[in-house]
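Okay, so here's the structure we're looking at.
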Amino acid sequence: MAKKPEQLWTTPAGDALRWVPGTDLSALDPAATPGWTGDRSDGEKLLAARAPELADLQQRLYAHGRTGGDRSVLLVLEGLDTAGKGGIVRHVVGMVDPQGVMHRAFGVPTQEEKEHGYLWRVRNALPRPGHLGVFDRSHHEQVLVVRVDRLEPEKTWRAHYDELNEFEAEVAASGTVIVKVALIVSAAEQKRRLAERLDRPDKYWKYDPSDVDVRHQLPQYMAAYQELLDRTSTQVAPWYAVPADRKWYARLAVTELLTGALRSLDLGWPPARFDVEAEKARLAAS
Ligand code: AMP
Ligand code: MG
């Protein structure tokens, strides 16, 4: 008998991808599909099959928030340009009701943002109760681009690791389940994706000449990611390192992580705050 698509996970995505501090990031193959034994077509089938459950779980979360609940989920997406952050938002987050999603992309801080501490804009973007927050880049840029481009002295950015952990512990304690995803794309695949942006007029808008400069800093970014993963993977806010050369795999993997986070909330439907039978009778008589 043919296997059900979910049985093609020999190890659940959460276990296969959860970062173990001290692991060598350069040994991770960006084209690998950890835990998954199916091919692309199987992966796309399972992704589609997950949609109803993901949407149902998110709707429970939203209903919970609307009825006084305080839980929320925060999906943090980090990764170099072309790693596929936007694709995750469209294809994974896009499966749920946008009403319950609080999406925020973090770019170069604006003048106003610069006048505050780096966590200010992040705090303002945290998901409200009942919401699924999605960060496209995040507070972790403070030890990524800030470190690699030397935007702050080393002593300053080094202090951020502990601050990031304290901040996330506080967010988790307030009722938010945090899922941090680092999308790992290879230099070769990144080059291919950038070349495509230059070949297609419908992709010019995604291209930024500074993306090529980043290619000359890949070793520095790898070192920054290695330390980020090692030092900010915590019990309450673990990192998942997701190989991203195969977009279908990265999307499927994040779908599993997100589904797992929502399932862990174990939310039922809020009970009626009115007398159902009495309301039925009133409606019938109306
Ligand atoms: P994109 O994700 O392609 O829209 O690009 C956003 C840009 O903003 C990237 O080059 C990031 O490195 C940059 N960025 C994000 N956060 C920060 C930050 N805290 N400080 C400086 N640059 C940042
Ligand atoms: Mg960009």
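Atoms within a ligand are numbered from 1 in the order they appear, just like the ligands themselves.
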| message | Between Val212 and Met222, is there shared hydrophobic-cluster membership here, with clusters defined by ILVMFWY side-chain heavy atoms closer than 4.5 Å? | response | no
| query | What do the steps show when you test Leu144 against Arg137 for side-chain contact (heavy atoms from CB on, under 4.5 Å), and what is the final call? | reply | CA-CA 10 Å; Leu144 294 172; Arg137 299 188 191 268; over 6 Å; no
| remark: Among His139, Arg121, Glu113, the residue with a heavy atom nearest to atom 16 (N) of ligand 1 is Arg121
| request: Output the distance between atom CD (Glu141) and atom CZ (Phe106), rounded to the nearest 0.5 Å. | output: 10.5 Å
| field | Side chain, backbone, both or neither: Pro109 near ligand 1, heavy atoms under 4.0 Å | value | side chain
| request: Report the C-alpha distance between Glu168 and His139 in whole Å, list the side-chain angles of each, state the deciding distance to 0.1 Å, and finish with yes or no for side-chain hydrogen bond (donor to acceptor under 3.5 Å, both in side chains). | output: CA-CA 10 Å; Glu168 290 180 348; His139 40 299; 2.8 Å; yes
| Given the protein's heavy atoms, is any one of them under 4.0 Å from atom 12 (O) of ligand 1? | yes
| Arg282 CZ: over 12 foreign heavy atoms closer than 6.0 Å | no
| note | Short version for Val145: what comes under 4.0 Å of ligand 1, heavy atoms counted, is side chain
| query | Would you say Arg137 has any N or O atom under 3.5 Å from an N or O of ligand 1, going by distance alone? | reply | yes
| remark: The answer for which part of Asp81 has a heavy atom under 4.0 Å from ligand 1 is side chain
| request: Decide whether an N or O pair under 3.5 Å exists between Leu151 and ligand 1. | output: no
| said: Could you check whether atom 2 (O) of ligand 1 has a protein contact, counting only heavy atoms that fall below 4.0 angstrom? | reply: yes
| query | Same cluster for Leu262 and Ile88 if Ile/Leu/Val/Met/Phe/Trp/Tyr side chains link at under 4.5 Å? | reply | yes
| query | Distance below 2.8 Å from the Mg ion (ligand 2): how many protein N/O/S atoms qualify? | reply | 1
| field | ligand 1 N/O within reach of Gln142 N/O, cut-off under 3.5 Å | value | yes
| said: Please determine whether any non-hydrogen atom of Tyr118 lies less than 4.0 Å from an atom of ligand 1. | reply: no
| N/O donor-acceptor pair under 3.5 Å between Asp42 side chain and Asp39 backbone | yes
| task | Go through the steps to decide whether Arg60 and Asp56 satisfy the test salt bridge (charged side-chain N to carboxylate O under 4.0 Å, His left out), and finish with yes or no. | result | CA-CA 6 Å; Arg60 285 170 195 258; Asp56 174 85; 2.8 Å; yes
| Do the side chain of Arg71 and the main chain of Leu61 share a donor and acceptor less than 3.5 angstrom apart? | no
| request: Taking Thr37 for its side chain and Leu8 for its backbone only, find out whether a donor-acceptor pair lies under 3.5 Å. | output: yes
| field | Top protein contact for atom 8 (O) of ligand 1, by heavy-atom distance | value | Val108 N, 3.1 Å
| message | Under a plain distance cut-off of 3.5 Å, with no hydrogens placed, do Asp213 and Gln217 share a side-chain donor-acceptor pair? | response | no
